[in-house]
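Only one structure is covered here, and it is reproduced in the block below.
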Protein chains: 2
Amino acid sequence: MTKHLFISSKGQLQPRWRSAFPDAVVRTALGGGRPDVLWWACVPLNSAELSSAIAALPGVPVVVLSPEPVQEDAMHAIALGARGYCHSHATPAMLQQVAVAVTHGGLWLGPELMSRLMGAASERLLGEHPAEVDPGLDLLTPRERAVALEVARGATNKEAARRLDITERTVKAHLGAAFEKLGVRDRLQLVLALKYVPVDVDHAA
Amino acid sequence: MTKHLFISSKGQLQPRWRSAFPDAVVRTALGGGRPDVLWWACVPLNSAELSSAIAALPGVPVVVLSPEPVQEDAMHAIALGARGYCHSHATPAMLQQVAVAVTHGGLWLGPELMSRLMGAASERLLGEHPAEVDPGLDLLTPRERAVALEVARGATNKEAARRLDITERTVKAHLGAAFEKLGVRDRLQLVLALKYVPVDVDHAA
DNA sequence: GCCCACCCTGTCCACCGGTCCAATAGGCTT
DNA sequence: AAGCCTATTGGACCGGTGGACAGGGTGGGC
């Protein structure tokens, strides 16, 4: 199965990528199942494309690769839900580090970007909601994950049951377990959690 | 060999920590060498103490544990240089995930916190907000839109009613109208419609 | 004035969703 | 063997949800 999928405008697989991930697959567009990590190496960076790619693979961490790291691009990518941003000519060891960090629910940025992000965020952000804690789909069992993904696509319990060929009752059981593991209260929160949708808090309207 | 050092006010080692990291060590203050990860479980959270601890161990990722996650605390901790923030009663599996993420250079937060951080940081650094939302949203009346947005954030009818200062019944009315206008059957489909309309999601998987 | 769109509220009801109480069975570790 | 995790299902409970009846109030255009 594909573990690392690289999306590149030219469809070319850099030797360093291959070196870091021998089983890497490169494409010019999405498709071919669920990778563990999606590496986005399209230049120039297109927000709409990146955004749709992220949305199309809920739960899959997306890392943006850039031949010339630009801070604005990085922030943009992160705002769209990317879990990492690094140099496309990074060393294989570095890429592996990034892969490990993001597949375990982390956000990976270079040291300087990271500190800027942290500083900026703390200045900008103060004021509501308790924060629930949770990592990602990796904590779920295969069955729980399958049910969660069906539900995240908008299916009702009954529909998910029919698709997975199990009882609605069983769907509820898996779903309940997923809720607890992810620290969410209902299916809608689960969707929001999986999509990492930036939440807009203040609508003065 | 990984070394996990827990700093707890009471010097107590939670069973879950031991379960996650059999070689875990707990102390009430710093000392005793250089751990791979420093888990900060002091309550209440003291900025000065945390800050000095982080400074005392350059290169060592610090994760703040809280029995009751508070967003303000999380942001403060991150601003001070902590690399993670999570529930002190998190499952061993989750703690291990966090450990892996931060030891590989990642920043670990819960999904909700992560998305807020991302959104806030990008606004701060770019001076503009993502603002992707609104495909069919202009079909709605102002009130319907307000209700739809509340619901899209994961609010229940009751919560939306309270926020908009109307009765739950009225929320239902607006919501029902929004459903019909957008051609969706329930709130979850509405969320999916609002977030992902820009592109086709269901390709050939 | 009349019509219409919008906003707000009410009651009733069937259904769905989430959680509680279980139970059975297989796989795996100790 | 005992214990734990996972997957599966059952029954029951209750609150949230959505639709189907109702209305009443405002303001603008004809």
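Please read these numbers as outputs of a predicted model, since none were measured by experiment. By convention in this document, chain letters (A, B, ...) are assigned in the order of the sequence lines, proteins followed by strands, and residues within each chain are numbered from 1.
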What is the distance from [atom1] of [X] to [atom2] of [N], rounded to the nearest Å?
X: A/L188; N: D/dT17; atom1: CG; atom2: C1'; value: 12 Å
X: A/L164; N: D/dT8; atom1: CG; atom2: P; value: 9 Å
X: A/R145; N: D/dA7; atom1: CZ; atom2: C1'; value: 14 Å
X: B/I166; N: C/dC6; atom1: CD1; atom2: P; value: 16 Å
X: B/R187; N: D/dG16; atom1: CZ; atom2: P; value: 11 Å
X: B/E168; N: D/dT17; atom1: CD; atom2: P; value: 7 Å
X: A/L175; N: C/dT19; atom1: CG; atom2: C1'; value: 12 Å
X: A/D186; N: D/dC14; atom1: CG; atom2: C1'; value: 16 Å

Out of [options], which nucleotide sits closest to the side chain of [X]?
X: B/K172; options: C/dT19, D/dG19, C/dT9; answer: D/dG19
X: A/N157; options: C/dG18, C/dG10, D/dG18; answer: C/dG18
X: B/H174; options: C/dC8, C/dC16, D/dG16; answer: C/dC8

With DNA chain C as reference, determine whether A/K158 or A/G176 sits nearer its 5' end, using the nearest nucleotide of each.
->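 Residue closer to the 5' terminus by nearest nucleotide: A/K158.
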Applying a 4.0 Å non-hydrogen cut-off, can you work out what [X] is touching in the nucleic acid: base, sugar-phosphate, or nothing?
X: A/T170; result: base
X: A/A177; result: nothing
X: B/R143; result: sugar-phosphate

Before accepting this row, confirm whether a basic side-chain N of the pair B/K172/B/E144 lies closer than 4.0 Å to the acidic partner's carboxylate O.
->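 Salt bridge flag = no for B/E144 with B/K172.
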Does the pair B/R153/B/E150 count as a salt bridge with the N-to-O cut at 4.0 Å?
->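 Yes, this pair counts.
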Classify the side chain of B/R185 and the base of D/dG18 as holding, or not holding, a donor-acceptor pair under 3.5 Å.
->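 A donor-acceptor contact between them is absent.
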Would B/F21 and B/W39 satisfy ring-ring contact (aromatic ring centres under 6.0 Å, His included), going step by step from the backbone distance to the final call?
-> CA-CA 12 Å; B/F21 314 109; B/W39 302 84; 5.4 Å; yes
Taking OP1 and OP2 of [N], is either one under 4.0 Å from a side-chain nitrogen or oxygen of [X]?
X: A/T167; N: D/dT9; value: yes
X: A/R169; N: D/dT8; value: no
X: A/T141; N: D/dA7; value: yes

Is a side-chain donor-acceptor pair under 3.5 Å present for B/R187 with B/N157?
->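 Yes, B/R187 and B/N157 have a side-chain donor paired with an acceptor closer than 3.5 Å.
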Would you give the length of the straight line joining atom CG of B/L65 to atom CG of B/L95, rounded to the nearest 0.5 angstrom?
->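 Here the rounded value is 6.5 Å.
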